[in-house]
Amino acid sequence: MIYLDNAATTKMYEGGAELYKKYACQSFYNPSAGYGEAIEIKKELDNVRSLIKAKLNSSHGDVIFTGGATESNNLAIMGSRRNGKFEYIFSEGGHPSTYNVAKELERQGFIVHFVKLQENGQVDYSQIESLLNDKTRLISVEHVSNETGAINDILKISKMRSLKAPKALLHVDGVQAFCKIEINIDTLNVDLYSLSAHKFHGPKGVGALYVKNIEPLKSIVFGGGQEDGYRSGTENVPGIMAMGYAIDKADVNDNLQKASKFNKLLKSMLERDEHIHINNIVGSPYIISLWFEGVNGETLMRALSGRGVIVGTGSACSTKKAGNRVLESMGYKKEQIKSHLRISFDEFLTEEEVRKAGEIIVEEYNKLRERVL
Ligand code: PMP
């Protein structure tokens, strides 16, 4: 099987799975307990916090462990909300775990603005600039789009914020960026950054929220006061340790080089077919967004899986919904959206597999296209 849906999830490192087992079956102590064994676990968790900060190139700030990025995004957004006439700015390209939180804020009566996407997948920076003012409480954007791979210029947004709304918090959903591209959180001057372990070969159901200054954040989960009161509930120790393993193992430069090589190779193979259109995205080499003239994306995805090639139709979290909000915001036509597929790489792939996948994609597409014609 050739797995090309790494934006949906990745396979865990074997070493991470072994570590998971160790912390589930041997060193299974509750990090909040007072005896030596538990205190050791607490220290190990703190080491993972340091790993996260190091990967973000952060010189200060805190890390709160969560049950994945959906929770990190909820905490960042809901935990930043304040009563009063504050305004909130969201990208129309956000994952449902930001977009639907924004919708909920709107439903609760908060002033929420949605920013359109440009045709290249990035947010409309001029719209953000025009929306910023001294009432802006939070700006929330995705670093890399899970649908298209578009990379937003976070530094640009951060500078606009400093000029026009210096009190506003900047939240970045970094799920498709962390461990994949170089991030310098200090330079970007980001307040809140979400990540999820299962997107970089860690386990599912565990993630983190980086917080520059913890003061403005309020908890949205109440209980035993773990994570300094910002996220009650016993930490998922095995998951966090396996996440730490994956962070330690991720060689961003090497991964990026591999993804770029695979991206170029596959694009060059697919582009030879004049009916296959690679979307013109300013973005991450890990993700190719493309559409196939005259063929339904989902039908092609199923045909490909029958041949052992796994690709995605877009966000796994929204496959049951009709349409595609992100592509619609970019101004794509219905036909392009219906025929859309997403291909995403990881470092386990080989050149041979990518070449083979390219041949199968062209073959299966043409079989289906002939049937339609
Ligand atoms: N944000 C983005 C950009 C994502 O791709 C995902 C996962 N599809 C999430 C948030 C949600 O992450 P999790 O699965 O850890 O809840």
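Numbering of ligands and ligand atoms starts at 1, following listing order.
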Using a strict 4.0 Å cut-off to heavy atoms of Ser97, name the atoms of ligand 1 that fall inside it.
-> 10 (C)
Region of Lys199 engaging ligand 1 - heavy atom pairs below 4.0 Å | side chain
N or O contact, Ala7 vs ligand 1, cut-off under 3.5 Å | no
Report the residue from Arg137, Lys135, His113 that forms a side chain to side chain donor-acceptor pair (under 3.5 Å) with Glu87.
-> His113
Ligand 1 contact by Gly207, heavy-atom criterion under 4.0 angstrom = no
Counting each atom of ligand 1 from 1 as listed, which ones have a heavy atom of Val175 under 4.0 Å away?
-> 1 (N), 2 (C), 3 (C), 4 (C), 5 (O), 6 (C), 10 (C)
Check: Tyr332 ring centre within less than 6.0 Å of His340 ring centre | no
Ala69 contact mode with ligand 1 (heavy-atom cut-off under 4.0 Å) | both
Examine Tyr20 together with Tyr245 and report whether their ring centres are nearer than 6.0 Å.
-> no
Would Ile52 and Ile41 show up in the same hydrophobic cluster when neighbours are defined by side-chain heavy atoms closer than 4.5 Å?
-> yes
If the plane angle is over 60° it's perpendicular, under 30° parallel, otherwise tilted; pick one for His201 and Tyr13.
-> tilted
Part of Lys204 within contact of ligand 1 (heavy atoms, under 4.0 Å) | neither
Contact region, Glu71 to ligand 1, non-hydrogen atoms below 4.0 Å, reads neither
Can Gln176 be said to touch ligand 1, with heavy atoms closer than 4.0 Å?
-> yes
Residues Asn213 and His60: side-chain donor-acceptor under 3.5 angstrom | no
Side chain to side chain donor-acceptor pair (under 3.5 Å) filter on Glu104, not counting sequence neighbours, yields Arg107, Gln108
Ser196: numbered ligand 1 atoms lying under 4.0 Å from its heavy atoms | 13 (P), 15 (O)
Treating Ile, Leu, Val, Met, Phe, Trp and Tyr as nodes and any side-chain heavy-atom pair under 4.5 angstrom as an edge, say whether Phe28 and Tyr23 lie in one connected cluster.
-> yes
Among Val206, Thr98, Asn74, Thr70, which one has a heavy atom closest to atom 16 (O) of ligand 1?
-> Thr70
Under 4.0 Å from any heavy atom of His198, which atoms of ligand 1 are there?
-> 13 (P), 14 (O), 15 (O)
Aromatic ring pairing Phe345/Phe262, orientation class (parallel under 30°, perpendicular over 60°, tilted between) | tilted
For ligand 1, which atoms sit closer than 4.0 Å to a heavy atom of Gly68?
-> 15 (O)
